[in-house]
Engineer: 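I'd like to ask you about the structure that follows.
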Amino acid sequence: MRVADFGKWPDPVCCARCFPLLLVLPVISRPPSSHDTRAPIAFIDLKAQRRRLGSAVDAAMMRVLDHGAFVLGPEVAMLEARLAERAGVRHAISCASGMDALVMLLMAHDIGPGDAVLCPSFTFAATAEAIALRGATPVFVDVRPDDFNMDPESAASAIAALPAHLTLRGIIAVDLFGQPADYPALSALAARHGVWLLADAAQSFGARLGNHAVGSLGDFAITSFFPAKPLGAYGDGGAIFTEDARLRDILLSIRVHGQGLDKYENVRLGLTARLDTVQAAVLLEKLEIFDEEIVARNRVAARYAAGLAGMVQTPQLAPDRSSVWAQYTVRSDHRDALVAALKADGVPTAIYYPRPLHRQAPYAAALVAPGGLPVTEQLAASVFSLPMHPYLEAEVQDYIIERVCAHCEHR
Ligand SMILES: *Cc1c(COP(=O)(O)O)cnc(C)c1O
């Protein structure tokens, strides 16, 4: 079983097989040693959160079972109001997954064959997959080595090199590992070319850039409630954020088979892409503790940064940005040996992402920014992520830090 429960698998059969395991046991067992009787270290400890939520979340789910409005029940609208408020935008539209949120926005903007959309290659598959699924052409752009997010200069050169048969329609920026991308620079670039900027905030809901919360960055944004994301449900879910009431109306229609004024009028093609009421109920409970969890995640990140300085390259935050640390991702030139040694010590790690999307079969026809994606290639060969969740105890984290340092010092 993989601990890589965050990036997930493109194969739905595999997902169906592994998903139950992932919720129950995202851990790797540690070989026993005489002085060490601790439980296996979790990469993401959903069980600890479950214990903390206690009976509140059980009661919330029971309320849904009792009222029986499983589809678009009252909790869905309540959640959407809370999400919009938190993001500081007028409208939040919940949906069945982050992937659906991306696809719904591309459908709403009529993105299709002949259209080009920029996105990073160093991201989870869904970002580019949504573009390709619509028949449009992903144009892969390099990322910056400091924040792992889209490099506005690479984006500008990709736009300049776009072949004449393609029309640039938009840019999808990803807030990788929880830190917002460079929205000031990317918004200016999008505006200069008269296209939209979509924020793929699947990993960053709860983070900020200056005075702006994630959800309000870009022209519109999406997030994901996949269980291992910072704000995760007990199943799949997602949301779209926008200021635009007309766009909201189109998305609400797409969410339910392109429905018009009543449910038997279909004015466009759509999907079954609603968020289950029971997931909305779970998320409402999780939102109650989300701010404290973000503080705890930042405490864990600070402890890593202090303990690992000089051993591996620790992640950098831009001065005006905060992160929700969906992952704590470090870099090492000896990544594979280090990961193997940590595994032997019972320290689970994961690699996001070992294979950039532009090197994967479904994107053979996609375009790549001029000069290729050297930073992306370098990151794919050197990054790995350490256990990160709000319930990581200091002594367990100190053990992880101590093991990383020991292996780095002995090189
Ligand atoms: C998880 C993720 C998605 C997709 O979200 P799902 O809810 O799993 O469909 C999209 N983009 C990024 C960057 C992600 O990490």
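Counting convention: from 1, in listed order, for ligands and their atoms alike. When reading the values below, keep in mind they use all heavy atoms of this one structure, side chains included, and skip hydrogens, waters and symmetry mates.
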Engineer: If you count the atoms of ligand 1 from 1 in the order shown, which ones are under 4.0 Å from a heavy atom of Q203?
Structural biologist: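 Result: 13 (C), 14 (C), 15 (O).
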
Engineer: Please state whether D236 comes within less than 4.0 angstrom of ligand 1, counting heavy atoms only.
Structural biologist: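 Outside the 4.0 Å threshold, so no.
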
Engineer: Within ligand 1, which atoms have a heavy atom of T123 less than 4.0 Å away?
Structural biologist: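 Numbered from 1, ligand 1 contributes 13 (C).
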
Engineer: Who pairs with H212 by ring-ring contact (aromatic ring centres under 6.0 Å, His included), at least two apart in sequence or on another chain?
Structural biologist: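 ring-ring contact (aromatic ring centres under 6.0 Å, His included) list for H212, sorted by chain: empty.
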
Engineer: Only heavy atoms of G98, strictly under 4.0 Å: list the atoms of ligand 1 that pass.
Structural biologist: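 Numbered from 1, ligand 1 contributes 5 (O), 6 (P), 7 (O), 9 (O).
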
Engineer: If I compare all heavy atoms of R297 with all of V324, which pair ends up nearest, and what's the gap?
Structural biologist: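 Looks like CD-O, 2.9 Å.
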
Engineer: So if I count the atoms of ligand 1 from 1 in the order they appear, which ones are less than 4.0 Å from some heavy atom of V174?
Structural biologist: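 It comes down to these atoms of ligand 1: 13 (C).
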
Engineer: With the threshold set at under 4.0 angstrom, would you say G237 reaches ligand 1 through any of its heavy atoms?
Structural biologist: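 It does, in that a heavy atom of G237 comes within the 4.0 Å cut-off of ligand 1.
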
Engineer: Can you label the angle between the F177 ring and the Y352 ring as parallel, tilted or perpendicular, going by 30° and 60°?
Structural biologist: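 The arrangement is tilted - the two ring planes meet at 30° to 60°.
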
Engineer: Atoms of ligand 1 less than 4.0 Å from T127 heavy atoms?
Structural biologist: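 The atoms of ligand 1 under 4.0 Å from a heavy atom of T127 are 11 (N), 13 (C).
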
Engineer: Relative to atom 2 (C) of ligand 1, which among M99, Q327, K229, E129 owns the nearest non-hydrogen atom?
Structural biologist: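 Result: the heavy atom closest to atom 2 (C) of ligand 1 is in K229.
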
Engineer: Assign the ring pair H358 / F140 to parallel, tilted or perpendicular, where the plane angle (0 to 90°) is split at 30° and 60°.
Structural biologist: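 Judged by the thresholds at 30° and 60°, the geometry between H358 and F140 is tilted.
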
Engineer: Just go through A202, A125, A101 and tell me whose heavy atom is the nearest to atom 12 (C) of ligand 1.
Structural biologist: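 Answer by nearest heavy atom: A202.
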
Engineer: Can you confirm whether or not the ring centre of F205 sits under 6.0 Å from the ring centre of F241?
Structural biologist: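 Close enough - the centres of the two rings lie under 6.0 Å apart.
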
Engineer: Using distance alone, determine whether S224 and ligand 1 share an N or O pair under 3.5 Å.
Structural biologist: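 Checking ligand 1 against S224, an N or O pair does fall under 3.5 Å apart.
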
Engineer: Side chain, backbone, both or neither: which part of S97 has a heavy atom under 4.0 Å from ligand 1?
Structural biologist: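 It is both parts that get close, each with some atom under 4.0 Å.
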
Engineer: For A126, counting its heavy atoms only, list the atoms of ligand 1 lying under 4.0 Å from any of them.
Structural biologist: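 Checking each atom against A126, I get 3 (C), 4 (C), 10 (C).
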
Engineer: What pair of heavy atoms forms the shortest contact from P74 to A69, and how long is it?
Structural biologist: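 Heavy atoms only, the tightest pair is CD-CB, 4.1 Å.
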
Engineer: How about F220 and W196: are their ring centres within less than 6.0 Å of each other?
Structural biologist: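 Yes, the ring centres sit under 6.0 Å apart.
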
Engineer: Can you name the salt bridge (Lys or Arg N to Asp or Glu O under 4.0 Å) partners of D146, sequence neighbours left out?
Structural biologist: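 Testing D146 for salt bridge (Lys or Arg N to Asp or Glu O under 4.0 Å), a comparison that skips the adjacent residues, returns none.
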
